[in-house]
Amino acid sequence: MLDAIETYLALRRTTGFAMSTAEHLLKSFAVFAAERGQTYVETKTAIDWAALGPSVAQRDARLRAVCRFVRHVRVEDVGHELPPANHFGARKKRRTPHIYTTDEISRLVEAALRLRPTRGLRPHTQATLIALLSSTGLRISEALKLTIADVTRDGLLVRETKFRKTRLVPLHDTAVAGLQRYLARRGPGSDDDPVFIDKRGRPLRYIAVKETFDRLVDKVGIRSTTARRPRLHDLRHTFAVRALQGSPTGRGRCGAHMAALATYMGHVNIYATYWYLEATPDLLRDVAMASEAFMSEGRSA
């Protein structure tokens with residue numbers, strides 16, 4: 001079974017998936033099955049192994065990893081049994097994101113510019129980072145990995161991030177101007193140097209950014225409609241929602257707009273982009289108006 005697992009992992013990696021978690025799980029399952037003298041996947045064994053997970057979500061993830069492997073390997077060898085993927089009944093829950101208003105983002109940027117030391121680089125680093133995330137929807141990991149060479153005249157070159165994808169992210173003129181002002185203040189560096197640095201000139205760490213952002217959220221008094229604090233990652237959700245609100249009218253044009261948005265955000269498929277959308281009052285109003293227009297056209301025809 002291990003040989004089949006290695007072949008499966010190698011194939012998936014060629015398509016851009018890291019497969020580090022899947023490798024750990026599948027090899028663990030192979031050892032478990034071998035202890036029972038089995039060289040093929042059997043449903044009961046897969047369920048027994050998956051049940052060792054400490055939570056329903058983890059048990060579900062373990063079993064689904066085996067199911068994905070079996071779907072692949074059964075193409076050539078039907079001796080493997082396909083367990084029921086939903087055996088544990090887990091459902092993936094999406095945390096309700098906070099969709100920032102334009103005013104809230106402006107207040108965050110302004111508060112960042114007042115950080116100490118006021119004459120140092122830190123205020124400008126934090127302010128530029130927040131503004132860039134808001135205007136591009138970049139993942140925070142992507143922004144922190146940007147190097148000087150990645151800032152090109154055509155946009156940001158985001159290299160081998162999630163699913164090993166590399167993409168070019170065009171910037172609005174105002175975003176270009178803001179980033180260039182920051183780089184001028186930051187000072188010269190080699191092509192491999194990070195764009196965003198701390199006071200010692202080292203790559204800015206995620207934990208430092210998150211802690212600062214959380215303090216800024218509290219300082220400017222931003223509150224979520226849920227009991228949870230608005231997150232840094234919610235800037236990406238906000239970008240997706242605002243981008244959809246800016247979609248041209250017409251079903252075909254809206255579909256093309258969504259496909260372009262999925263590519264811009266670095267998603268493998270459009271379903272991942274839908275995950276980032278949240279029903280805001282403005283968006284629902286736009287949907288209602290589009291639906292009314294569609295129905296009116298149908299009646300007039």
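Excluded from the calculations below are hydrogen atoms, water molecules and symmetry mates; all remaining heavy atoms, backbone and side chain alike, are included.
A donor-acceptor contact closer than 3.5 angstrom links the side chains of His98 and Glu104. Remark: the Asp193 side chain and the Ser190 side chain contain an N/O donor-acceptor pair separated by less than 3.5 Å. A donor atom on one side chain and an acceptor atom on the other are found under 3.5 Å apart for Ser55 and Gln58. A donor-acceptor contact closer than 3.5 angstrom is absent between the side chains of Thr45 and Asp48. If you check the side chains of Tyr182 and Thr125, you find a donor sitting under 3.5 Å from an acceptor.
Under the 4.5 Å side-chain contact rule for hydrophobic residues, Leu216 and Tyr206 share a cluster. Cluster annotation: Val41 and Val31 are assigned to distinct hydrophobic clusters (Ile/Leu/Val/Met/Phe/Trp/Tyr, side-chain heavy-atom contacts under 4.5 Å, transitive). Residue Tyr40 is not grouped with residue Ile5 when hydrophobic side chains (ILVMFWY) are merged at heavy-atom distances under 4.5 angstrom, including chains of intermediate members. Cluster membership check: Leu144 does not share its hydrophobic cluster with Leu157, using side-chain heavy-atom separations under 4.5 Å among Ile, Leu, Val, Met, Phe, Trp and Tyr. Hydrophobic clustering (ILVMFWY, side-chain heavy atoms < 4.5 Å, transitive): Leu52 and Met1 are in one cluster.
In this structure the side chain of Thr147 never reaches within 4.5 angstrom of the side chain of Pro194, judged on heavy atoms. A heavy-atom distance below 4.5 Å is not found between the side chains of His124 and Arg181. Taking the side chain as every heavy atom from C-beta outward, Thr166 and Val158 never approach each other to under 4.5 Å. Inter-residue side-chain proximity for Arg114 and Pro123 is flagged as unmet; no heavy-atom pair is nearer than 4.5 Å. Side chains of Ile140 and His233 form no contact here, defined as non-hydrogen atoms less than 4.5 Å apart. Using a 4.5 Å heavy-atom cutoff, the side chains of Ile197 and Arg186 are in contact. Side-chain contact between Arg167 and Thr263 is absent, with no heavy atoms from C-beta onward closer than 4.5 Å. At a threshold of 4.5 Å between non-hydrogen side-chain atoms, the residues Ile47 and Phe88 count as touching.
Within a 6.0 Å sphere centred on CZ of Arg185, other residues, nucleotides and ligands contribute 12 heavy atoms or fewer. By the neighbour-count criterion of 12 heavy atoms within 6.0 Å, atom CG of Asp103 is densely surrounded, having more than that number from other residues, nucleotides or ligands. Atom CZ of Arg228 has 12 or fewer heavy atoms from other residues, nucleotides or ligands within 6.0 Å.
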Stepwise side chain to side chain contact (heavy atoms under 4.5 Å, CB included) test for Leu261 and Met265: CA-CA 6 Å; Leu261 177 60; Met265 295 184 71; 3.8 Å; yes
Ile148 vs Asp192, test: side chain to side chain contact (heavy atoms under 4.5 Å, CB included). Steps then yes/no. CA-CA 6 Å; Ile148 300 296; Asp192 294 332; over 6 Å; no
Arg71 vs Cys67, test: side chain to side chain contact (heavy atoms under 4.5 Å, CB included). Steps then yes/no. CA-CA 6 Å; Arg71 292 190 190 99; Cys67 290; 4.0 Å; yes
From CA spacing to verdict: side chain to side chain contact (heavy atoms under 4.5 Å, CB included), Gln180, Val151: CA-CA 9 Å; Gln180 290 301 329; Val151 183; 4.0 Å; yes
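Under the 30°/60° scheme for interplanar angles, the aromatic rings of His267 and Tyr276 are found to lie parallel. By the 30° and 60° cut-offs, the orientation of the rings of Tyr8 relative to Phe69 is perpendicular.
One finds no salt bridge joining Asp218 and Arg215 here, because no Lys/Arg side-chain nitrogen approaches an Asp/Glu carboxylate oxygen to under 4.0 Å. With respect to Lys145 and Glu160, no salt bridge is recorded, no charged nitrogen being found less than 4.0 Å from a carboxylate O. Using a 4.0 Å cut-off between charged side-chain N and carboxylate O, Glu23 and Arg13 make a salt bridge. With salt bridges taken as basic N to acidic carboxylate O contacts below 4.0 Å, none links Arg205 and Glu211. Ion pair Arg122/Asp198 not flagged as a salt bridge, since none of the NZ, NE, NH1 or NH2 atoms sits closer than 4.0 Å to an Asp/Glu carboxylate oxygen.
Here the closest non-hydrogen pair linking Leu235 and Ser134 is CD2-OG, 3.6 Å. Listed here is the closest heavy atom pair of Gly266 and Arg139: O-NH2, 3.3 Å. Glu81 and Thr43 get closest at one heavy-atom pair: OE1-N, 2.9 Å. Considering every non-hydrogen atom in both Leu63 and Pro84, the closest pair reads CD2-O, 3.3 Å. Closest approach of Leu26 to Val66, counting heavy atoms only: CD2-CA, 4.0 Å. When every heavy atom of Ala143 is checked against every heavy atom of Leu133, the shortest pair comes out as CB-CD2, 3.9 Å.
Going from atom CG of Leu171 over to atom CG of Leu168 covers 8.5 Å, rounded to the nearest 0.5 Å.
For Phe239 and Tyr100, the ring centers sit 6.0 Å or farther from each other.
Remark: the backbone N or O of Phe17 is not paired with any side-chain donor or acceptor of Arg12 at under 3.5 angstrom.
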